[in-house]
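Presented below is the structure to which this report refers.
In what follows, residues are counted from 1 in the order of the sequence shown.
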Amino acid sequence: LSYSVAALPLALFIPSFYSDELGLPLAAVGFAIAASRALDVLIDPVVGVLSDRVRTRFGRRKPWILLGAPLLLFAVWRLFVPGERGTVSITYLLLWTGALFVGFTLVDLPYKAWGAELSDAYDERSRVAAVREGFGFAGQIGLLLLLLILGRRGIRATDAQLHAIAVAIVWLTPLLLAVTLAGVREPPPRLSAERALGTWEGLALVARNPAFMRMIGSVLFFVSGVVIQGTLHRLVLTHVIGAPDLFPPMIFFENVATLLCVPLWLRVSDRVGKHRAVALAALWLAAFSLPLPFLGAGTGGWLVALIVIRGSSFASILFLANSMAADVVDADLVASGQQRTGLFFAVWGMMIKLAVALGVVMGTVGPAAFGFEPSAASQSAGARLALRAVYGWVPAALMAVGATFLWNFPITRQRQAALRAAIEAQRRPHSA
């Protein structure tokens, strides 16, 4: 409900705030955010392996969450509440974005692995992920309500809005984290092999899991496409539509649509399977992104409508993809005899972060290559056209390509049931 909110401003606020209001070059901001992912990507497999292997009286996942929370909250404050224009550099942005990503990894990766282990059932996993992601969206809706309230009181400056977001995250996260750690059980490991695989051996086995590799391919396209649009929302509203005040209500209604459509996408998944539900959601998002480049000044209502309609597919892409990742771990469990959920979610997280970095780079460098610079006094027609094309058509193409990875995905409901039966057969000798 609170910690997932920390990731939202990284795409929606930070690129435009640091370039448009703090005066840093747009392309340099994009590269700094992408570069800060490098250390994070190296840390992911280490955290994943350690959260699988290290066992304490408090469990395998909880200690890492407790370790990462202070770093996450401190980095949120420094990144969201920086100095004034002229006192903040690209190095500052690189340092604190990197710290935020590392803290987020220490919290998010064990948290997602923990959630994946709460149930063994194909459809129940979808519901576990749906509830978790639903609370994440509820937190984002609460955040956007806060921004709307600030706007009605005349507080529309981005620095004041980011300050309010930081205060909310820093106060709420420790309280809700305490409830989570104290009140939710952590299941014991299902199987235990005689010899633990090394990190590189484990990664090699992950790479030989064809279902997981197809998921990684889809994630690379899906996430980068979504991040491109998130990065450019505010810039398009400001420099193309001419209505920057529409930003908070647009994102608010987009999140409401996402939350309301969770039951719908669960029903679609029950009928056609998770993999095809995710592919259909990606194609839905692509279809409603295609008209975006045709919008111009004074068409804010149309932009909001298209963003809200296309955003209704996020529910499927986010929670069903996480549920599919838990199913893929079952195939590895049968092959290796080890429960390495943390390692798989580490690789999963690495690819998401690389996709986020790729999306930020494409969303910033693409328009900049054609002369678009937010801090410039005026923009040429060609620069604005490039901004609109990168905003609408590039994500549409990425989502369509990503859908092809999942349409004939090998782990169906029937295949997952067979994997669970094989795991139970392996478990019986251990329990005996």
Side-chain angles (χ1 to χ4, degrees), residues 1-5 7 48 51-52 59-62 64-65 107-141 176-177 179-191 211-212 215 219 255 258-278 281 313-333 339-349 352 406 409 411-417 419-421 423-424 427:
L1 189 67
S2 62
Y3 96 94
S4 65
V5 173
S51 74
D52 282 334
R60 295 178 299 156
R61 314 299 182 191
K62 294 182 180 182
W64 300 102
I65 297 173
V107 174
D108 188 64
L109 197 158
Y111 179 65
K112 294 288 177 61
W114 180 9
E117 293 165 353
L118 290 179
S119 175
D120 294 339
Y122 180 86
D123 290 317
E124 189 176 16
R125 283 175 170 171
S126 297
R127 283 151 179 78
V128 170
V131 170
R132 182 187 63 227
E133 299 301 328
F135 270 94
F137 276 107
Q140 294 178 11
I141 289 171
L176 298 177
L177 181 62
V179 173
T180 304
L181 295 177
V184 183
R185 67 181 180 89
E186 184 177 328
R190 294 186 180 92
L191 294 176
F212 194 66
M215 286 203 66
V219 163
N255 279 270
T258 298
L259 192 58
L260 292 177
C261 287
V262 167
L264 170 64
W265 286 108
L266 280 172
R267 293 188 66 180
V268 173
S269 172
D270 289 343
R271 291 183 65 87
V272 304
K274 302 175 193 177
H275 57 295
R276 290 194 172 169
V278 175
S313 66
F314 285 174
S316 175
I317 294 172
L318 290 174
F319 73 78
L320 287 179
N322 277 287
S323 178
M324 289 174 63
D327 295 336
V328 168
V329 174
D330 287 344
D332 174 72
L333 185 55
Q339 186 174 10
R340 297 182 300 120
T341 315
L343 178 60
F344 268 84
F345 273 83
V347 178
W348 177 257
I352 289 177
L406 297 183
F409 193 68
I411 300 183
T412 60
R413 181 180 287 103
Q414 294 75 19
R415 172 61 178 157
Q416 196 269 341
L419 290 171
R420 294 310 315 168
I423 291 168
E424 289 301 320
R427 180 188 293 171

Verify whether one side chain among R61 and S51 offers a donor that lies under 3.5 Å from an acceptor in the other.
->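 Result is yes, a qualifying pair exists.
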Closest contact, heavy atoms only, [X] versus [Y]:
{"X": "M324", "Y": "V278", "value": "SD-CG2, 4.0 Å"}
{"X": "Q140", "Y": "N255", "value": "OE1-OD1, 2.7 Å"}
{"X": "V272", "Y": "A277", "value": "CG2-N, 3.9 Å"}
{"X": "W114", "Y": "E186", "value": "NE1-CA, 3.6 Å"}
{"X": "R127", "Y": "D270", "value": "NH2-OD2, 3.0 Å"}
{"X": "G115", "Y": "V128", "value": "O-CG1, 3.8 Å"}

Option among I65, D108, T180, L176 that satisfies the side-chain contact (heavy atoms from CB on, under 4.5 Å) test with Y3 |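 In the set I65, D108, T180, L176, the residue that makes a side-chain contact (heavy atoms from CB on, under 4.5 Å) with Y3 is D108.
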Audit row: R60, E117, side chain to side chain contact (heavy atoms under 4.5 Å, CB included) steps and yes/no | CA-CA 12 Å; R60 295 178 299 156; E117 293 165 353; 3.2 Å; yes
Are [X] and [Y] packed together at the side-chain level, in the sense that at least one heavy-atom pair is separated by less than 4.5 angstrom?
{"X": "L177", "Y": "Y111", "value": "no"}
{"X": "T412", "Y": "H275", "value": "yes"}
{"X": "W265", "Y": "S313", "value": "yes"}

Nearest-0.5 Å distance that lies between atom [atom1] in [X] and atom [atom2] in [Y]:
{"X": "L266", "Y": "K274", "atom1": "CG", "atom2": "NZ", "value": "10.5 Å"}
{"X": "E124", "Y": "L118", "atom1": "CD", "atom2": "CG", "value": "9.0 Å"}
{"X": "I141", "Y": "T258", "atom1": "CD1", "atom2": "OG1", "value": "8.0 Å"}

Should we say atom CZ of R132 is surrounded by more than 12 heavy atoms from elsewhere, each under 6.0 Å from it?
->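 Buried by this count: over 12 neighbours within 6.0 Å.
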Does the pair R413/D327 count as a salt bridge with the N-to-O cut at 4.0 Å?
->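 The answer is no: the pair does not qualify as a salt bridge.
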